[in-house]
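For reference, the structure discussed in these notes is given below.
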Number of protein chains: 2
Amino acid sequence: MADVARLAGVSHQTVSRVLNESERVSSETRERVLAAMTKLNYRPNPTARALASGRSKTVGVITFDTPLYGPASTLFGIERAAHDAGFFVSVASLRSLDMPSLISTSDDLRRQNVEAILVIAPQREVAQALTQLPHDLPVVAVEAGPAEGVPVVAVHQFEGAAQATRHLIELGHETVWHIAGPGDWLEAVDRVDGWRQTLEVAHARVPKLLVGDWSARSGYELSADLVRDPGVTAIFAANDDMAAAAISLAHRMGFEVPQDLSIVGFDDTPVATSVWPSLTTIHQPVAAMARAAVDLVLEEVHRARHGTGTPRQLLHPHTLIVRESTGAAPPPEGTDAPGDDGPPHDGGP
Amino acid sequence: MADVARLAGVSHQTVSRVLNESERVSSETRERVLAAMTKLNYRPNPTARALASGRSKTVGVITFDTPLYGPASTLFGIERAAHDAGFFVSVASLRSLDMPSLISTSDDLRRQNVEAILVIAPQREVAQALTQLPHDLPVVAVEAGPAEGVPVVAVHQFEGAAQATRHLIELGHETVWHIAGPGDWLEAVDRVDGWRQTLEVAHARVPKLLVGDWSARSGYELSADLVRDPGVTAIFAANDDMAAAAISLAHRMGFEVPQDLSIVGFDDTPVATSVWPSLTTIHQPVAAMARAAVDLVLEEVHRARHGTGTPRQLLHPHTLIVRESTGAAPPPEGTDAPGDDGPPHDGGP
DNA sequence: GTGGGCGATGTTAGCGATCACAAGCCCGTG
DNA sequence: CACGGGCTTGTGATCGCTAACATCGCCCAC
């Protein structure tokens, strides 16, 4: 920087002003400085800037170590959006889901001088702990259920689940079974609520709730009971993996989807299109949410110098994507007819 | 820090020495300083340390924006390992796969004072560009094919593909079709080579190569031709998504897996267990690789002060995981026995 | 003509650590 | 007894930048 100043014949402070786009520099001087910077291939040192100004142009992301599709792609979306805004991204992953872990992780980031923190943590405990975090740094939760006092970017899980359930009811199914996610996930809870209330509104019986852990394995095990039961014609799984597992199991036990059983997933992950029949599911605009979260948190950073605003909750639209895993309810037990079952049984070898 | 020094009755430099675990501090003094730090809840400021020492305790990760399972879980693995080593992680994603993009991304990180860079970029172009990166910073490639002059942590793709192919040959299949990944991915190329050479060694015919783009969709489209052809009894897809799609398509067209068609995938992603029948596939120890990559790069950082060592390539073991999608080859055409083919050509059983 | 205001630039301190070197102390040795 | 050397500790500069205030012209109005 000193070199640039010398070459441009100005003081280092003027160079700094050019760097920070202060208006108080004559355009002539600015040109000279810029030329010098180019010539010397000068690059400002963010570390020094961070030390001097307290601003690091970095946002921290707290996430947790999981192979789940949602969090991973959210992280990439955040990186992209932050980069576009000229910010760096520092990630830290949660060791466990308790309060101390959250605090210590956020301290790590804080000490790195991040200007804001984005939390990708859909678990109830984390969402609660969030409200306890020191308020000196803007914090935004992504993909979390609404939490008091903390800005959130998410989709309306309740509505999504309701729409999925409604879809099945409208296809003529008497009721819909639900394979839920773990009870400590906000999303899981909201989806259960959406499912239940929709059934109630439709005056449908509310079957026993099955609770999985998002994994295909759990979906597999839980659907075993369901598939065996001829009364079960429609399943709404709380994510695509469990839904895909239910399809697998149905096939294995000799049933056809959707002729015998309709299945709906949630998330619209790649799995949804790689199974057969492809999954009807609820799409969440992950990339858009990530971008919105970054916008929101940077807005907050900007505002931190002026007045305080109220935390906002940004709800993004979900979309029901109807693919092949859902269809009309099979006719009641006795009858048995539909031509969809493949070649009539009597024609074969 | 000044406060700590004052409280402990020492100079700031002594505090610094305690912080850096220098041996040149008497244990008595150290105790006093530590006590003062605890009492004041003192936390060193990494930014200042980075500025003064040039060491930031941060590693940069360059990845690219993709929903693929491998890169995402590698990133988390890296974070975990780095954190355990007391390092922060800063991520930057590649805009495009060309050289300028790589340079500029690495410059971003470099300017952040990262001490090393990990690159998750399995594309050939990126691997090549890596060798051009300035050598002032340790660079390690993860999940990339071996590239000259750059340390690499990966599994032996060639061997993995060979093992998958051999598995099918040993089950009695005359030959194995291959749905490859895009030609600009090193992994894809190596897997093709492994497949081809194994066939040649077994004196099996090498069928026409099909090239997909990792997506389920491409797997779907490409397997259409294969599944129709009764001569095709075994398919090795270069990743699980494409393999799962092939299974879907086979089902859709009325074939059974593995009775009519055996299918092997690669990667052992969650998809592998959520489809039916579950996929036989090649497992890659992603987490272990991530950890190894961090170890390697930190070792390099450490060594940077002393002599220079030779770049290492760390090859991790893959594992063939036999699940349900592979089985013995169906008996040759004429004989025909399983009732699955639909009406037998020769007049019935 | 002179004081005030304003835009452009320079000067001097830090930010919070580390580094290089110097200094004090205690001990053993010639 | 003086000197050298190993430990431990302290001093001042420095990393590259920004913040706050000082300074310098210049133009305008009374």
Side-chain angles (χ1 to χ4, degrees), chain A residues 1-37 40-58 86 88 107-108 110-115 136 301 304-305, chain B residues 1-37 40-58 86 88 107-108 110-115 136 301 304-305:
Chain A
M1 178 154 166
D3 297 337
V4 172
R6 206 173 306 122
L7 181 57
V10 296
S11 74
H12 61 127
Q13 175 61 344
T14 300
V15 176
S16 168
R17 276 192 269 258
V18 171
L19 236 42
N20 293 287
E21 288 162 10
S22 151
E23 296 311 317
R24 304 219 158 285
V25 181
S26 72
S27 57
E28 183 197 351
T29 310
R30 182 195 317 280
E31 288 308 317
R32 227 171 343 123
V33 172
L34 289 174
M37 295 202 294
L40 297 178
N41 194 27
Y42 166 80
R43 297 272 172 265
N45 177 330
T47 305
R49 177 195 302 235
L51 180 58
S53 67
R55 268 168 281 132
S56 61
K57 285 282 192 182
T58 299
F88 298 116
D107 275 354
D108 281 353
R110 192 185 313 275
R111 237 173 290 131
Q112 273 202 91
N113 259 322
V114 300
E115 296 189 42
D136 53 341
V301 166
R305 339 214 138 197
Chain B
M1 176 153 166
D3 297 337
V4 173
R6 205 173 306 122
L7 182 57
V10 297
S11 74
H12 61 126
Q13 174 60 350
T14 300
V15 176
S16 168
R17 277 193 267 260
V18 171
L19 236 43
N20 293 284
E21 287 163 10
S22 154
E23 297 310 317
R24 305 218 157 286
V25 181
S26 71
S27 57
E28 182 197 351
T29 311
R30 184 197 315 282
E31 289 309 317
R32 220 162 358 113
V33 172
L34 289 174
M37 295 203 293
L40 297 178
N41 194 26
Y42 165 81
R43 296 272 173 262
N45 177 329
T47 305
R49 177 194 300 234
L51 179 59
S53 68
R55 269 168 281 131
S56 59
K57 286 282 192 182
T58 300
F88 299 116
D107 275 354
D108 281 354
R110 192 184 312 273
R111 237 173 288 130
Q112 273 202 94
N113 259 323
V114 300
E115 296 189 43
D136 53 342
V301 166
R305 340 213 137 195

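Letters A, B, ... are given to chains in the order of the sequence lines, protein chains preceding strands, and every chain is numbered from 1. Just so it is clear, the values below take in all heavy atoms, side chains as well, and ignore hydrogens, waters and symmetry mates.
Closest approach to the Thr14(B) side chain among dT9(D), dT9(C), dT18(C) is made by dT9(D) (side chain taken as heavy atoms from C-beta onward). Side-chain atoms of Val25(A) lie closest to dT9(C) of the nucleotides dG10(D), dA13(D), dT9(C). Proximity note for Ser16(B) (side chain, C-beta onward) versus dC15(D), dC17(D), dT18(C): the nearest is dT18(C). Here the nucleotide nearest the side chain of Ser26(A), chosen from dT18(D), dA8(C), dT9(D), is dA8(C). Closest contact between the side chain of Arg17(B) and the listed nucleotides dG10(D), dT18(D), dT9(C) involves dG10(D). Minimum atom distance to the side chain of Asn20(B) is reached by dT18(C), of the listed dC17(D), dG16(C), dT18(C).
With hydrogens and angles ignored, no donor-acceptor pair closer than 3.5 Å exists between the side chain of Gln13(A) and the base of dC17(D).
Residue Ser11(B) places at least one side-chain N or O closer than 4.0 Å to OP1 or OP2 of dG10(D). Listed pair Arg55(B) / dC19(C) meets the phosphate criterion, a side-chain N or O lying under 4.0 Å from OP1 or OP2. When the side-chain nitrogen and oxygen atoms of Arg32(A) are compared with OP1 and OP2 of dT9(C), none of them lie within a distance under 4.0 Å.
In this structure, Glu115(B) contributes its side chain and Arg55(B) its backbone to no donor-acceptor pair below 3.5 Å. A donor-acceptor contact shorter than 3.5 Å is absent between the side chain of Thr47(B) and the backbone of Ala50(A).
Using a 4.0 Å heavy-atom distance criterion, Pro46(B) is classed as making no nucleic acid contact.
Of the two residues near DNA chain C, Ala52(B) and Ser53(A), the one whose nearest nucleotide lies more 5' is Ser53(A).
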